[in-house]
Amino acid sequence: MVAIIFGVSFHEQKLVKKALESFYGLGPQTSARILAKHCIHPRTKIGSLPPKTITALTAELSTMTIENDARRLVQENIKRLRDMGTYRGRRHAMGLPVRGQRTKNQIETAKKLNRVERIA
Amino acid sequence: MSAPNCLRCLVRPSAALRLSAPPPASALKPATPPLTAAASRRAPFSTTPAAAAAPKSSSQGQQAAAKGHVRKGKRLTLKGKKKQKSLDHGKSPLPGERKAYRKRITLSNDNAIKVPWLTDLAAPDLADPANVGKVLALPPTTQDQLRASEAFKPTQTWGMFRQPAVLVRKETVDLTQRMQEAAAARKVLRMVVTGNKVTGKSLMLLQAMTHAFLNEWVVIHLPEAQELTTAVTEYAPLADTSPVQYSQPVYALKLLHAIRKANADVLAKTFTVSEHSELPQSLPAGSPLLAIANQAKEVDSAWVIFQALWNELMAPAPNRPPILLSLDGLAHVMRVSDYRSPAFEPIHAFDLALVRLFTDALGGAVKFPAGGAVLGATSRNNSPRSPSMELALAQREAEQQQQQQPGVEVPQKDPFFRGYDERVDAVLRSVQVLRLGGVDRREARALLEYWAASGMLRTVVDEKAVAEKWTLAGGGVLGEMERASLLTMRV
């Protein structure tokens, strides 16, 4: 059995907390609050949720800035920095560390992530 | 500040160059002929096969070198070969199977010798002072009842003997006598069993439950308080409660099944005084309480059914049985639970309806119609610190001692410590405390003789052996005696 939350199907053995945290822009703090709001204990698995709660969760998530909205927000912030011509924006565009780190080595994360159209 | 050059095409020039420029021809073709060629030009008189002579590692190194420059750090391999995937070990256990094996309770061992002088417990036996220092067996029906209410624990050594048997201690008789007196006076004995680790606190609860079962009480036992408060079971706010209380329907259903299985006989003989239309199938007045418990099948209705059953047991009517309400692991309910309210506030354990039921009874707010007992046992395993509970128990104990020797000082609150909990203080203000320690030598001897008769202790039980085991066990601490003499047998 699978349950569909916010358009994504989850296996019934998955923890609800982990399922919520799989959405971009939704971390441990927010997921804990969502669980408390719906009186779901932290070790609940998807399979034991009643359908009513699943729809309530989907409704709750659809009001939040998560997934593509959250990604777009980050991209817009970077784009704004770049358009203003700031140093941070430039470093993003160059794929280099933004916050004053050394660049001789250990900049793999920056290379992977720092770009104008940031994905993750 | 304006950007010095077009920001869209800011790419590191060196990287771009490296990407766009074609690889040098020398990088594609090995600069030197591979060593295999040299190996093939072997001496004609060699008897070694050509394949064996080819040094494989060096040729690999050559190929790696041929691909171009490789940074050292990127090719870090530990201990050369990768570990081989482990072989197929057959079918892995199904979900929950390992836990079921770990938590299984074995109550008999066919290889143990039958103890000829062992007699079954009868109803008055546990309250008879003449039985102190005797080992008595649990009768089969009581075993089933105790098993249904989860009184046996997997860490206890029931599985080593042919039949489960218990040692009657002074404290046991003391406790059961007080239970009897309370029931006779239609009062409630409110007591906390405490003591150091492995001194037999859970076993004291088991003995109290045995006494209650044998004397046809209704026993409601909460075997692990941590299951209620560590946020591992469903919870839901209860309507019409202020401040809001929370029911735990899944746990309530499990508890109802246990109550039904353990107390079926007594419940069948007790009848309802009022009509119950709120139940899934409405019941008229005068139907047996077992009919209420039998309705517990769905999680949704579990809490309503439990409440109906509890209200019926509490109803002031003649022919109500005495009730034993017991809980193991008291510290877990004397604190703020791990649950969160919808407003993300931590929920105090006393706001969980099932815990509230117990603590109200322990605090003396509930009168049982036919009397009974409310017992809580502290635990030394995985128990959270509850400063209020520790202090309250120390105070009650000192107050009890004061009655015998007036010089004893009652400990007071630390005025500079803020971790006390007023709600806990209020509940434990008037409980009795039963502190368990080691058994005396006579009881220790009885136990060792029983172990020896079962073939589990391979020594002659004489003064010397008893003294040795008793001393090794820190002055007759039962669990340590088991460790010193029984568990050495474990393979």
Side-chain angles (χ1 to χ4, degrees), chain A residues 11-17 28-53 56-57 60 78-98 103-108 110-112 114-117, chain B residues 1-16 18-19 71-74 94-96 99 226-239 241 244-251 253 298-300 303 336-347 349 351-353:
Chain A
H11 190 255
E12 61 173 345
Q13 283 297 319
K14 197 169 179 77
L15 287 175
V16 179
K17 191 166 164 55
Q29 296 287 325
T30 325
S31 73
R33 277 172 185 274
I34 293 174
L35 290 186
K37 189 172 175 186
H38 294 273
C39 279
I40 304 168
H41 70 272
R43 297 211 207 152
T44 319
K45 298 199 170 158
I46 293 279
S48 60
L49 279 185
K52 205 175 72 184
T53 315
L57 281 179
E60 169 101 35
I78 296 172
K79 201 174 277 171
R80 180 175 53 83
L81 290 173
R82 190 204 57 194
D83 289 348
M84 286 193 317
T86 58
Y87 178 75
R88 276 171 66 198
R90 217 160 65 215
R91 297 295 279 185
H92 267 293
M94 292 192 292
L96 286 169
V98 176
T103 52
K104 187 175 176 188
N105 44 23
Q106 291 192 354
I107 56 163
E108 293 305 315
K111 268 196 212 164
K112 192 170 74 184
N114 289 358
R115 54 189 69 181
V116 174
E117 297 285 315
Chain B
M1 193 195 100
S2 65
N5 49 3
C6 172
L7 281 165
R8 277 188 196 283
C9 38
L10 274 174
V11 190
R12 292 174 80 189
S14 56
R18 205 187 299 154
L19 282 176
R71 261 170 50 190
K72 251 184 199 171
K74 283 194 171 179
L94 292 169
K99 185 173 183 184
Q226 58 176 342
E227 288 176 12
L228 283 166
T229 57
T230 49
V232 290
T233 179
E234 265 85 345
Y235 70 116
L238 280 172
T241 48
V244 185
Q245 290 182 31
Y246 297 84
S247 69
Q248 285 159 303
V250 175
Y251 191 91
L253 184 69
E298 298 280 325
V299 170
D300 298 335
W303 180 248
V336 177
S337 78
D338 294 342
Y339 286 109
R340 295 278 185 161
S341 72
F344 208 60
E345 300 289 327
I347 299 172
D351 289 334
L352 302 168

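Sequence lines set the chain letters: A, B, ... in the order given, protein chains first and strands last, and positions in each chain run from 1. Computed from a prediction, not measured in an experiment: that's the story for all the values here. All heavy atoms count here, side chains included; hydrogens, waters and symmetry mates do not.
Expressed to the nearest 0.5 Å, how far CZ of A:R43 lies from CG of B:D338 amounts to 9.0 Å. For the atom pair CG (A:L35) and CZ (B:F344), the distance works out to 9.0 Å, reported to the nearest 0.5 Å.
With a threshold of 4.5 angstrom between heavy atoms, B:Y235 approaches chain A through its backbone and through its side chain. Contact annotation for A:T86: neither backbone nor side-chain heavy atoms come within less than 4.5 Å of a heavy atom of chain B. For a residue to count as touching a neighbouring chain, one of its non-hydrogen atoms must lie under 4.5 Å from one of that chain's; by this rule A:I40 touches chain B with the backbone only.
Between chain B and the residues A:C39, A:P50, A:S48, the most heavy-atom pairs under 4.5 angstrom are made by A:C39.
Few gaps surround NZ on A:K17; more than 12 heavy atoms of other groups in view lie less than 6.0 Å from it. The environment of A:E12 atom CD is dense: over 12 non-hydrogen atoms of other residues, nucleotides or ligands sit within 6.0 angstrom.
Contact detail for A:H41 and B:V232: the closest heavy-atom pair is NE2-O, 3.4 Å.
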